[in-house]
Amino acid sequence: MASTQFDKLVASGKQVGEVIAVDHFLIRVRGLQPINTHAVVLFEDGSKGYVHHVYEDYVVVLHLGAKTVTIGMVVVLQHDKLVARVGKNYVGRVISVLGEPLDGKGPIEPDGTWPIFHTAPMLYERCLLDTPLETGITTLDIMYSLARGQRMALLGDGKSGKSSLATQIAINQRSTDITTVYVLIGKRRADLIELIDRLENNGAMEKTIVIAATMFESLVLNYLAPYMAAAMGEYFWQQLGQDTLVIYDDLTSHAMAYREISLLAGVSPGRDSYPGDMFYTHSSLVERAGKLERNKATQTILPIVYAPGGDITAYLPTNVMSMTDGQWILDMEVFREIMRPAVSTGLSVTRVGGAGHNKRQKALAVQTSKALAAYKQAEEYAHFGSELSDESAADLERGKNLYKLFNQVVGETYSFMEQQLLLDIVVNMSPGESFDMEAMKKAVKDHAAQVGEDDDGSDESKTYIAARDALKAKSLVQKVDEDTAAAPPQTTPPSDEDKAKAETDKQSGGESKSADDGKKDTDAKSDKDEDKSKEEKKEHKKKFSFKHKKKEETEDHNHKDTKKPGTVLEPEEGVIVPETKVDADIEDPNKALAEKKAEETPSEEKQPEGKPGDTKEEQKS
């Protein structure tokens, strides 16, 4: 049959070429001109390929088949564009990049075809986004909301929960009118099996199309996988007028496959050895999202990008962030310590804002951001081990409850109303209150159903207030009544007998009390006079006493008696002393001073004045 189709194409006058070189999946074909890029060609053995590059004397064809192509084989043009088989029958199935079923449930009848490299709608064909997309995750829906038709990047290190978060968003679409297209690029077979099990166990497989390109398949199929997913979503979006969600898991593997293809094809490498058109390649995938003016349908795209070591400033993360409308960043530290999904509340951002949010949701988003900031500050104070103030302790407890609320396992999702009830209770909790978060999460679905359809999103809605108060009372574990704590303790009113007895005790006790008070006043006056006399004696003794303590004289280098004979002052360290001249007669100044003192003081052995020969008695007389 393939040979018959090949002969018909040749006989119809289609362009024909000859294989001149084979390098794995890269085939060089001479001829085929004129031909367009992305045109589909048919080989003589029945396998297919598409034109990747066009040069003056040959074209480079990427082979899509599993058979080996030989030199000299004839090639003929089949289609001007590479198309994908699309249709509603693909919903709930697992297929390959070429549209072949992989789940063993039989063949799939397509509704038609759609160009894989389709051009994104023009700007004048689009309209503003105004409808939120429910992810089922409280952190994202309240603080970093996603609108239908938005492009939101999901960044994070390896094993930080990127695929689990994307799977959780796909699971939540089971209760919406959105069709999800989930494409795996360069993943293991175990990852594919895990994804299918999660979707089937949570009842979301019936609204999901899974396209798989494992790491064991060719680089060409890994490169085409996200284009195939975008084409499938565009058919539902533009042709059928249905809202779709396309998840690329992940674009880092796609970029690596494209880099290898480009290097083998001889393309000059750029930054990190990626080809120069790497930005255009990813932007052509991401821009195939939006909201159309003609049918008001939307296509939302969620690209996942690997950030090595959590570095969001790397080449690929910065590229994708610059072409999307926001990013959710997953932090490994948050993943290990606080909550999962590990959304970084400091780095994540949405550029669409609260599109479609009511007043209550916007107010809760502001309160939640302030509560998390206050929790971070109180946590820093708590690390010092010091006693926290009542306000800081309340902020710390509120933040802990918020993170308990934000923890959600795969398959645990909440509607917008359920999220509002939960957050309203936790954010506005009073100091001293404590809640059973698990019981609150289980009971919130029943209480959310009690809110009337006429709820306008304001705090004055009676049905909302009643549901919130009932949920709070059911999950409240401990409550401190501030009015009771501040008021004095209440006692029962006394009876008539107690009043009469108290009056008698008061009269008898009053007399004794006056006598005791008089005695106490006399004793206090005498003690006061005694203390006063002691103080006066002490002042008198201090004023007229002739005994003075001798000051302890401490002699050091800075406090020497310079008038004392024989004192030599040594210069301080580092001080330059000028040279002094000493008289030649006085070689030793200390010795001269001693001799001078001896001359002024007469010796005890010197005889007193008198006549010579007189006795001692006569001299005395």
Side-chain angles (χ1 to χ4, degrees), residues 134-146 152-172 194 198 247 249-252 302-314 316-318 320-321 324 326-351 364-384 392 394-414 419 422-423 426-427 429 435 437-438 440-441:
E134 293 188 26
T135 65
I137 302 169
T138 308
T139 319
L140 304 182
D141 285 337
I142 295 296
M143 301 182 65
Y144 314 105
S145 60
L146 177 66
M152 180 69 77
L154 180 56
L155 312 176
D157 198 0
K159 302 298 180 181
S160 60
K162 300 186 297 297
S163 298
S164 298
L165 178 58
T167 305
Q168 200 161 353
I169 296 174
I171 290 172
N172 191 64
E194 183 180 11
R198 285 178 171 176
I247 301 175
D249 190 9
D250 62 308
L251 286 188
T252 302
L302 186 63
I304 301 176
V305 180
Y306 166 66
D311 183 16
I312 60 175
T313 62
L316 291 179
T318 52
V320 176
M321 281 192 294
T324 53
Q327 60 270 353
W328 296 326
I329 298 177
L330 304 186
D331 192 350
M332 282 300 296
E333 186 176 353
V334 177
F335 181 83
R336 298 189 189 100
E337 298 179 3
I338 303 178
M339 69 173 183
R340 300 177 186 180
V343 180
S344 174
T345 57
L347 298 176
S348 301
V349 67
T350 175
R351 297 186 181 91
L364 286 174
V366 175
Q367 288 179 306
T368 304
S369 300
K370 292 181 178 180
L372 291 176
Y375 168 74
K376 292 291 184 183
Q377 188 175 7
E379 190 180 27
E380 292 180 1
Y381 292 151
H383 285 167
F384 295 106
S392 299
D395 293 337
L396 190 64
E397 186 64 24
R398 186 181 296 108
K400 290 179 180 179
N401 282 277
L402 276 176
Y403 280 118
K404 288 180 183 178
L405 175 61
F406 291 158
N407 269 287
Q408 296 178 228
V409 298
V410 177
E412 180 186 354
T413 58
Y414 301 99
Q419 294 170 4
L422 293 171
L423 268 180
V426 175
V427 170
M429 62 183 295
F435 297 98
M437 298 304 301
E438 295 300 326
M440 186 187 296
K441 289 182 177 182

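- In this structure, Ile312 and Thr318 approach most closely via the heavy-atom pair O-CG2, 3.5 Å.
- Using modelled atom types, one side-chain atom of Asp157 and one backbone atom of Gly309 make a donor-acceptor pair closer than 3.5 Å.
- Leu302 contributes atom CG, which lies 5.5 Å from atom CG of Leu154 (distance to the nearest 0.5 angstrom).
- Interatomic distance, Thr345 OG1 to Tyr403 OH, rounded to the nearest 0.5 Å: 4.5 Å.
- A donor-acceptor contact shorter than 3.5 Å is absent between the side chain of Lys162 and the backbone of Leu155.
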Indicate every side-chain donor-acceptor pair of residues 327-335 with a distance under 3.5 Å to a residue at least two apart or in another chain.
from   : atom 1 : to     : atom 2 : distance (Å)
Trp328 : NE1    : Tyr144 : O      : 3.2
Asp331 : OD1    : Glu333 : N      : 3.2

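- The closest side-chain heavy-atom distance from Leu140 to Val343 is below 4.5 Å.
- Here Ile142 contributes atom CD1 and Thr368 contributes atom OG1; the two are 7.0 Å apart, rounded to the nearest 0.5 Å.
- Across every non-hydrogen atom of Ile247 and Ala170, the tightest pair is CD1-CB, 4.3 Å.
- Note on residues 402-414: pairs passing salt bridge (Lys or Arg N to Asp or Glu O under 4.0 Å), not counting sequence neighbours, are Glu412-Lys441.
- Within the model, atoms CG of Leu316 and CE of Met321 stand 11.0 Å from one another, a figure rounded to the nearest 0.5 Å.
- Residues Leu146 and Thr350 form no side-chain contact, since every pair of their non-hydrogen atoms from C-beta on lies 4.5 Å or further apart.
- Judged as a side-chain hydrogen bond (donor to acceptor under 3.5 Å, both in side chains), and not counting sequence neighbours, Asn407 has no contacts.
- Scanning both residues, Met152 and Val349, for their nearest heavy atoms gives SD-O, 4.0 Å.
- Scanning both residues, Ser392 and Ala378, for their nearest heavy atoms gives O-CB, 3.6 Å.
- Thr413 pairs by the side-chain contact (heavy atoms from CB on, under 4.5 Å) definition with Gln168, Asn172, Arg174, not counting sequence neighbours.
- The line from CD of Glu380 to CD of Gln377 is 7.0 Å long, rounded to the nearest 0.5 Å.
- Residues that satisfy the side-chain hydrogen bond (donor to acceptor under 3.5 Å, both in side chains) test with Gln408, not counting sequence neighbours, are Thr138.
- For Asp141, the side-chain contact (heavy atoms from CB on, under 4.5 Å) partners are Thr135, Phe416, Gln419, not counting sequence neighbours.
- Summarising the geometry of Leu423 relative to Leu405, their closest heavy-atom pair is CD2-CD2, 3.8 Å, with the distance given to 0.1 Å.
- Take Ser348 and apply the side-chain hydrogen bond (donor to acceptor under 3.5 Å, both in side chains) test, not counting sequence neighbours, and it matches no residue.
- Residues satisfying the side-chain contact (heavy atoms from CB on, under 4.5 Å) criterion with Ala371, sequence neighbours excluded, are Arg398, Leu402.
- For Ser163, the side-chain hydrogen bond (donor to acceptor under 3.5 Å, both in side chains) partners at least two apart in sequence or on another chain are Asp249.
- Take Glu379 and apply the side-chain contact (heavy atoms from CB on, under 4.5 Å) test, not counting sequence neighbours, and it matches Tyr375, Lys376, His383, Leu396.
- In this structure, Pro341 and Thr139 have side chains that are not in contact, with every pair of non-hydrogen atoms separated by 4.5 Å or more.
- Residues that satisfy the salt bridge (charged side-chain N to carboxylate O under 4.0 Å, His left out) test with Arg198, not counting sequence neighbours, are Glu194.
- Residues Arg351 and Gly326 approach most closely at NH1-N, 3.0 Å, considering heavy atoms.
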